[in-house]
Amino acid sequence: MFSYLIRRVISAVILLLIVSAVTFGIFFLLPKIAGQTTDQLAQQYIGKSPTPADIAAVKRNLGLDKPVYEQYWEFLKGIFTGVDYKFGPEAARCHVPCFGYSFKTHIEVWPEIQSRLPVTLSLALGAAVVWLVSGITTGVISALRPGSLFDRLSMGVALAGVSLPMFFTGAIALALFTYQWPIFERSDYVPLFDNPLLWARTLVLPWVTLAFLYSALYARLTRAGMLETLSEDYIRTARAKGLGERTVVVRHGLRAALTPLITVFGMDLGLLLGGALITEQVFSLQGVGAFAVQAITANDLPNILGVTLLAAFFIVLCNLVVDVLYAAVDPRVRLS
Amino acid sequence: MTDSDDTASGAPGPTGNPEPSGGSAFLDVRDLKVHFPTDDGLVKSVDGLSFTLEKGKTLGIVGESGSGKSVTSLAVMGLHRASRRQRAKVRMSGEIRLDGQELIGADPDEVRRLRGRRMAMIFQDPLSALHPYYTVGKQIVEAYRVHHDVDRKTARKRAIEMLDRVGIPQPDKRVDDHPHQFSGGMRQRAMIAMALVNNPELLIADEPTTALDVTVQAQILDLIRDLQKEFGSAVIVITHDLGVVAELADDLLVMYGGRCIERGPADKIFSAPQHPYTWGLLGSMPRIDRDHTDRLIPVKGSPPSLINVPSGCAFNPRCPYADVPKDDLTRTVRPELTEATTGHFSACHMAPAERKRIWTEEIAPKL
C-alpha cells in the first residue's frame with residue numbers, strides 16, 4: 001500500500017511538470033512559432049499604448065529573448081526562490097512561491113489567487129457535500145423501488161437538473177430567494193472562521209444551485225450502479241446469510257455501487273476547485289473562477305497562466321486522491 | 001400388449017402428484033409453484049413440485065438449464081421474497097415446511113432469521129458469490145454474528161476454525177485474504193465454510209462444482225460428503241451433472257419444464273431409470289468406462305418454453321417415444337407421477353413394462 005502511494009505521488013508530480021511545461025509552452029512558445037516578435041509578445045503583458053521602455057522592461061524581466069526552455073526553468077526556479085523585477089528605477093519583488101507577476105496591475109499572481117481560494121474552496125466543497133448527500137440518497141431510494149412514483153419523479157427532476165444551465169437556475173434562485181422572498185440576502189463572502197453562520201448563509205444559494213446540477217448526475221449514476229450491484233451474486237449470498245435488507249443494501253450493495261462514483265467525483269471536484277466560473281459570476285463571489293474571468297477579459301497573461309496551473313494542480317491532486325481511495329476501497333486494485 | 005395404454009399408469013391421485021406419506025419430514029415441499037409475471041406472460045419456473053428430505057440424507061435435483069432447479073432452491077431459502085422488489089415480481093404457492101414450520105406464507109423477517117442459521121446455501125461461482133471488497137474472514141464473521149451474539153474476536157476464531165475444517169492451509173493467515181487472492185477451489189471451500197459456520201440443518205448446494213476445475217471438483221464433492229456425515233445435515237445438491245449426484249445423492253429428483261418427471265432412490269434411478277428424459281441425461285453423460293468409439297447421445301431439441309409449456313407431456317416434442325402411447329395421449333394429457341417400484345416415481349404415459357423393455361433392450365446396452 002505504501003509503495004503504491006509513493007508511486008502514485010511520483011507520477012502525479014511528473015504529470016504536473018508536464019502540464020506546466022505544456023501550459024508554459026502555449027503562452028511563450030506558440031506565439032514564437034506563430035511568428036510574433038518578442039516586442040509584440042512583450043506588448044501583450046502591458047496595458048494599452050506601451051512605451052518602448054515598458055516593452056524593454058518586460059522583455060528583460062521575463063527573459064523573452066532567451067530560449068523558451070530557459071524561460072521555463074527561470075519560471076520553475078521562481079516558484080521556489082522568488083523573482084525580482086526591475087522597472088527602470090523601480091523594483092518589484094515577486095515572493096515565494098512566485099507564480100508570476102502582472103505587469104498590468106503590478107500585483108503578484110499568487111497572493112491574489114491565495115486570497116480568493118477560500119471562497120472557491122468553500123463553494124466547491126460545500127456544494128460537493130450537498131450534492132453527494134442528496135444525489136446518493138435519491139439514487140439509492142430510486143434503485144430500491146424502480147418504477148415507483150418517487151423514482152419517476154426524482155429521475156424527472158434529475159433530468160431537469162442535468163439539462164438546465166447554471167446561469168439559468170442560478171438566476172432563478174436569486175430572483176426567488178434573494179429578491180422575491182429575501183431569505184438569503186445578498187452579501188459578500190464572510191470567512192468561515194470569522195462567522196460560520198453568516199458564512200453558510202451567504203453560500204447556501206450557490207451551494208444548492210450548483211449541487212442541483214451535480215446531484216442530478218449523481219442520483220442517476222447511483223441508481224444505475226445500485227440496480228446493477230443489487231443483481232450481483234454476492235448480494236444473493238448476503239441475503240442467503242440471513243442479513244437484514246438494510247445491511248445488504250448499504251454494506252454490500254452501496255459499497256460496491258459507490259466505487260465507480262469516486263472517479264467521477266474526483267474529476268468534478270478537481271474541475272470545480274480550479275474555479276466555478278459561472279456560479280461565482282452569477283452570485284458575485286470573488287473566487288478563483290471570477291479571477292480567471294477577469295484575467296481573461298483583461299488579457300492578463302501571467303494571471304491566466306497562474307489560474308490555469310492552479311486548475312491543473314487541483315485536477316491532478318484530485319486524481320491522486322481518487323487513485324489512493326480506489327486502492328483503499330477496492331482491494332483488487334492494489335495488485336495491479 | 002406393448003401399447004396397453006393407461007392400465008399400468010394407474011389412476012392419478014386426486015391431488016395430482018402423489019404426496020410423500022408421513023408429513024413429518026425435516027424438509028417437506030408440497031405442490032410448490034413459483035411463477036414470475038413478465039411482459040411476455042407468466043413464466044412458470046416451478047409448477048407443482050413435491051418432495052421430502054430427511055436429516056442426514058442427500059437429495060440430488062437434476063435437470064438442464066431452465067428446468068426450475070435453481071428456482072426451487074431459492075424458493076426454499078426464501079430468496080425470491082427477501083426484498084420488497086423481489087416480492088413484487090414473484091407468485092408462490094404450495095407448502096415449504098422446514099422442521100414443521102411453514103415458510104411460504106411466513107413473515108419475510110422470520111424466514112430471514114432461518115436463513116444462514118438453520119438453512120444455508122452455497123452457490124455455483126464462488127468468485128462472484130463472494131463480495132470482492134471484504135476479506136474472506138470478514139464475510140464468514142458476518143455470517144456468524146448475524147445469528148450469534150458474540151464479539152468479533154470469538155467470531156473470528158470461529159471463522160478460522162471453519163476455514164481449517166474445510167481444508168484451507170494456514171487458515172489464521174488466509175482469513176485476512178480477499179476472495180481474489182484465493183484459487184477457485186479454495187474459494188468454494190471458503191464459501192462452504194461460510195455456509196456451515198452456523199451448523200445449518202439444511203444445506204443447499206447449487207451447482208457447487210460447475211465453475212471449478214475437474215481436478216478440484218472431486219475434492220469439493222468429498223468435502224461436502226464428509227461434512228454432511230459430520231454435521232448430519234440434510235443436503236440438496238442441484239446439478240445438471242449426473243456424475244455429481246452419483247457420488248453424493250441418496251435420492252434423486254429429475255426436473256423438466258418446472259416439474260418433477262422422475263423421483264426415487266438414486267441407485268434405482270441409475271439402475272432402472274423410468275423416464276425417456278432420464279435416459280437422455282444418462283446417454284449424454286460421458287463415462288470413463290465406456291467404449292471410446294461410442295458417441296455421446298445428446299437429448300435432441302431445446303428446453304421447453306416456461307411460458308407456453310407444451311401441452312400433454314412437456315417432454316413430448318423431444319421424446320423419441322412420444323408416439324408409443326395411443327390416442328395422441330402424450331400431446332393432450334399431462335402424465336402424473338406414478339409409482340413404478342416402491343418409492344420410485346415417474347411421469348410417463350408409456351406402460352412400465354414397455355419402458356422396462358425399451359430401457360433394457362434399446363438404451364442400456366448403448367451406455
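Numbers restart at 1 for each chain; the letters A, B, ... are given by sequence-line order, proteins then strands. These numbers come from the heavy atoms of this one structure, side chains and all, not from hydrogens, waters or symmetry mates. Because the structure is a prediction, the values reported are computed rather than measured.
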What pair of heavy atoms forms the shortest contact from [X] to [Y], and how long is it?
X      : Y      : value
B:S128 : A:D233 : OG-OD2, 2.7 Å
B:P132 : A:P331 : O-CG, 3.4 Å
A:A240 : B:M77  : O-CE, 3.8 Å

Check each atom of [X] against the heavy atoms of chain A and say whether the ones under 4.5 Å are side chain, backbone, both or neither.
X      : answer
B:A82  : both
B:L79  : side chain
B:Q124 : neither
B:I204 : neither

message: Working note: B:Y133 + A:H252, criterion ring-ring contact (aromatic ring centres under 6.0 Å, His included); need CA distance, chi angles, decisive distance, verdict.
response: CA-CA 9 Å; B:Y133 293 171; A:H252 290 252; over 10 Å; no

[atom2] on [Y] to [atom1] on [X], rounded to 0.5 Å:
X      : Y      : atom1 : atom2 : answer
B:N198 : A:K241 : CG    : NZ    : 10.5 Å
A:L144 : B:S83  : CG    : OG    : 8.5 Å
B:R145 : A:L243 : CZ    : CG    : 12.0 Å
B:L127 : A:Y234 : CG    : OH    : 11.0 Å
A:L230 : B:R85  : CG    : CZ    : 6.5 Å
A:T237 : B:E142 : OG1   : CD    : 11.0 Å

message: I'd like to verify something: which residue of B:Q139, B:M194, B:R84 has the highest number of heavy-atom pairs under 4.5 Å with chain A?
response: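 Option with the greatest count: B:R84.
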
task: Identify which part of A:T247 has an atom lying under 4.5 Å from any heavy atom of chain B, answering side chain, backbone, both or neither.
output: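 The answer is the side chain of A:T247.
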
- line: Whatever's closer than 4.5 Å to a heavy atom in chain B on A:R239 counts as both

So for atom [atom1], which belongs to [X], do other residues, nucleotides or ligands contribute more than 12 heavy atoms lying within a distance under 6.0 Å?
X      : atom1 : answer
B:E102 : CD    : yes
A:E228 : CD    : no
A:F168 : CZ    : no
B:R87  : CZ    : yes

- request: Determine, for B:Y134 and A:R255, whether the Lys NZ or Arg CZ falls below 6.0 Å from the six-membered ring centre while staying within 45 degrees of the axis.
  value: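 Yes, A:R255 lies over the aromatic ring of B:Y134.
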
query: Quick one: do B:R112 and A:E245 make a salt bridge, cutoff under 4.0 Å?
result: no

